[in-house]
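Below is one structure, written out as C-alpha cells; comments come after it.
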Amino acid sequence: MKNILVIGGGFAGVWSAASAVRTARENGIPESELQVTLVSSGDDLVMRPRLYEADPEKMRVPLDRILGPVGVRRIAATVTHIDTAARSVTATGRDGRTDIISYDRLVLATGSQLVQPKLPGAQRMFNVDTLSAAAAFEYHLQRLPEAEPRQGRFTAVVVGAGFTGVEVATEIGGRLKAVADAWGCTDPVRVVLVERADVVGPELGPGPRPHIESALESLGVEQRLGRTVESLTEHEVRLSDGEVIPAATVVWTAGMTASPLTAFIPGERDRLGRLHVDEFLRVVGTSDVYAAGDTAAAMAEEGHTVTQSCQHAMPLGRFAGHNVVADLLGLKQVPFAPEPYGTGLDLGPTGALITMGWDREVQMTGQAAKETKVLINTQLIYPPVDDADALLAQADYAAKPVGEVV
Ligand SMILES: Cc1cc2nc3c(=O)[nH]c(=O)nc-3n(C[C@H](O)[C@H](O)[C@H](O)COP(=O)(O)OP(=O)(O)OC[C@H]3O[C@@H](n4cnc5c(N)ncnc54)[C@H](O)[C@@H]3O)c2cc1C
C-alpha cells in the first residue's frame, strides 16, 4: 500500500487530494493499493479571499463534505515537524495526542500567513488572515456601540494599501456604519488607509491605480502615504510622522510569508519563504516532496512566478495531485501550466476591478466587475460538496475551470 499525504486543507490541499484520487482511479488503482490522506488543523476549507467581508464565520466548507465522498482519509491535526529522510511527519491532534504519519509522497500545502508587526500595541491590531482572526474582528466591530462614546469610536485605521488592505478599506466603512446605525449611534464613521509606499496598491501597478484612488476618494477613505504606524493604544494610533489618530479599530494587512513548515524541507526559498519547485511541482533537491499553493514558488509563465492567490493555489493543487500519483506509479508527469493571469479586486460599494495579464490591464470596472467578483467569491471558488463525480470532474488538471480569476 502506497501513501500520499497532503498537509493543508486549503485550496491547494483540497485540489491536490481530489486530483490524486482522480488520477489513481483513472489508472484503475484501488484504495487498498493507494491511500490519499489529508491532514489539516481545521475541519473546513476556509474561504480566505472572503474574510474581509461581514459574517466571516460563514466563509467555510466542511472538508468531509468535499473529500469524504471520494474516499480521502482526513486527519484533524496540526503538523509540527517533517522528517524528509524518514518520510514522516509529526502531528498533534486536538486531544493533545501526537502521532507519526508516514508517507511515500508528500504534498506540502499549508499556505501562508500574515507577518505580524513588532511595534508597541501590536497585540491590539486586528487582521483578516484566518477565520478566527476575522471572527474576532467582527466581534470587536459588533461591540463598538457598547464602548464608551469618545472620539474615534467608529474610526478604523487600515495598515497596508496592497490587495487586502484596499479591500478592507473600501468595505469597512459600510460595516462600521451598519453597526452604528443598528444601535442608533450618530458618531462619525472614518476610515484611514496608511501605506509605507508613496502610492496605493504599490504592487498592483499603474493600470489599476486610478480606479483604486477614485474608489477610495468617493468613499471618503483618507490616505496617509509614505507613512507607517509606530504605535497604538486602545484609543489612538501614532503614525511615523507624529500624527495621532483617535481610532478604536486598527487592521493590519501588510506582508505575507509562506507556512513555517517550509523550514523542514531542504531546498531554496524565495523572498516570500516559498519553496523552489520544478515544473512538476516537486521541491528542487528532494525526491518525494511536492509543494502547492502559497508554499510553492512555481513558474507560472516565462519570467513570472505564481502569486500567493487562489487563482494559482487551485491549479497548483490539481497538477501536484496528478504528479505525485504519476510519480508513484511511473506514469507521465505534466508540467504546471495555469490559465492566463488575472485579478479581481473588490472596491466595496463602488464596485470592483478585473484585470488581465501580468501588467494588470484593466478589463472591467464598476458594477459589472462587481458582479464578476461576487460570482467568483460566492460560487466559482467553492468546490462541489457531497458529489464525488462533480469533484473528480473539476479535479482534472487539464480542465479549464471558468472564472479562476480571483
Ligand atoms: C483577506 C484575504 C483576501 C484574499 N483575496 C484573494 C483574492 O481576491 N484572490 C485570490 O486569488 N487570493 C486571495 N487571497 C489569497 C488566498 O486566500 C490564498 O492565496 C489561498 O488561500 C492560498 O491557498 P493555500 O491552499 O495555499 O493556503 P490556505 O488557503 O491558507 O490553506 C492552508 C491550509 O493549511 C492548513 N495548515 C496550515 N498549517 C498547518 C499545520 N501546521 N498543520 C496542519 N495544517 C496546517 C490550514 O489550516 C489550511 O487548511 C486572499 C487572502 C486573504 C487573507
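All ligand and atom numbering here is 1-based and tracks the order in the structure. One-based numbering along the sequence shown.
Pairing each heavy atom of Asp294 with each of Ala258, the nearest pair is O-CB, 3.7 Å. Annotation for Asp346 and Lys370: closest pair OD1-NZ, 2.6 Å, computed over non-hydrogen atoms.
For the pair Ala109 and ligand 1, a heavy-atom separation below 4.0 Å is found. Residue contact annotation: Ala77 has a non-hydrogen atom under 4.0 Å from ligand 1. Distances shorter than 4.0 angstrom occur between a heavy atom of Lys373 and an atom of ligand 1.
Put simply, the side chain of Arg25 gets close to the backbone of Val70: a donor and an acceptor are under 3.5 Å apart. Between the Asp95 side chain and the Arg97 main chain, a donor and an acceptor come within less than 3.5 Å of each other.
With respect to Arg74 and Asp43, a salt bridge is recorded, a charged nitrogen being found less than 4.0 Å from a carboxylate O. A salt bridge links Glu222 with Arg224: the closest approach of a Lys/Arg side-chain nitrogen to an acidic carboxylate oxygen falls below 4.0 angstrom. The residues Asp396 and Arg318 are annotated as not salt-bridged, no charged nitrogen and carboxylate oxygen being separated by less than 4.0 angstrom. Between Asp129 and Arg48 there is a salt bridge, with a side-chain nitrogen of the basic residue lying less than 4.0 Å from a carboxylate oxygen of the acidic one.
Applying the 6.0 Å contact sphere to CZ of Arg227 captures more than 12 heavy atoms from other residues, nucleotides or ligands. Taking a 6.0 Å sphere around CZ of Arg209, one finds it holds more than 12 heavy atoms contributed by other residues, nucleotides or ligands. The local environment of CD in Glu33 is crowded, with over 12 non-hydrogen atoms from other residues, nucleotides or ligands closer than 6.0 Å.
Of all atoms in ligand 1, listed by their number and element, those nearer than 4.0 Å to a heavy atom of Ser41 are 39 (C), 40 (C), 42 (N), 43 (C), 44 (N), 45 (C). Residue contact check: Gln308 has heavy atoms under 4.0 Å from atoms 15 (C), 19 (O) of ligand 1. Below 4.0 Å from some heavy atom of Val128 lie the following atoms of ligand 1, by number and element: 1 (C), 53 (C). Interface atoms of ligand 1 facing Phe163, defined by a heavy-atom separation under 4.0 Å, are 7 (C), 8 (O). Counting the atoms of ligand 1 from 1 in the order shown, those under 4.0 Å from a heavy atom of Gln311 are 11 (O). Under a 4.0 Å criterion applied to the non-hydrogen atoms of Ala313, ligand 1 contributes the atoms 22 (C), 23 (O). Within ligand 1, the atoms closer than 4.0 Å to a non-hydrogen atom of Gly10 are 25 (O), 29 (O), 31 (O), 33 (C), 48 (C), 49 (O), numbered from 1 in the order shown.
Checked against a 3.5 angstrom limit, the closest N/O atoms of Asp44 and ligand 1 fall outside it. Of the polar atoms of Gly13, none of the N or O atoms is found under 3.5 Å from an N or O of ligand 1, judged by distance alone. No N or O atom of Gly293 sits closer than 3.5 Å to an N or O atom of ligand 1. Ligand 1 has no nitrogen or oxygen under 3.5 angstrom from a nitrogen or oxygen of Thr164. Checking only distances, Gly9 does come within under 3.5 Å of ligand 1, N or O to N or O. Considering backbone and side-chain atoms together, Cys310 places an N or O closer than 3.5 Å to an N or O of ligand 1. At a 3.5 angstrom cut-off on N or O pairs, Arg48 counts as close to ligand 1.
Counting heavy atoms only, Pro49 comes closest to atom 6 (C) of ligand 1 of the residues Gly165, Pro56, Pro49. In this comparison of Val79, Leu51, Asp43, Asp346, the heavy atom closest to atom 42 (N) of ligand 1 sits on Val79. When Thr343, Thr110, Leu131, Leu38 are ranked by how near their heavy atoms come to atom 39 (C) of ligand 1, first place goes to Thr110. In this structure, of Leu108, Asp294, Asp129, the residue bringing a heavy atom nearest to atom 26 (O) of ligand 1 is Asp294.
No option in Arg105, Lys2, Lys332 other than Arg105 meets the salt bridge (charged side-chain N to carboxylate O under 4.0 Å, His left out) test with Asp327.
By the criterion of a heavy-atom distance under 4.0 Å, both the backbone and the side chain of Ala12 are placed next to ligand 1. Only the side chain of Leu261 comes within 4.0 Å of ligand 1, judged by heavy-atom distances.
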Is there a salt bridge (Lys or Arg N to Asp or Glu O under 4.0 Å) between Lys373 and Glu167? Walk through the geometry before answering. CA-CA 12 Å; Lys373 178 71 177 172; Glu167 291 196 325; 3.6 Å; yes

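Between His312 and Tyr341, the angle of the ring planes stays under 30°, which puts this pair in the parallel group of the 30/60° scheme.
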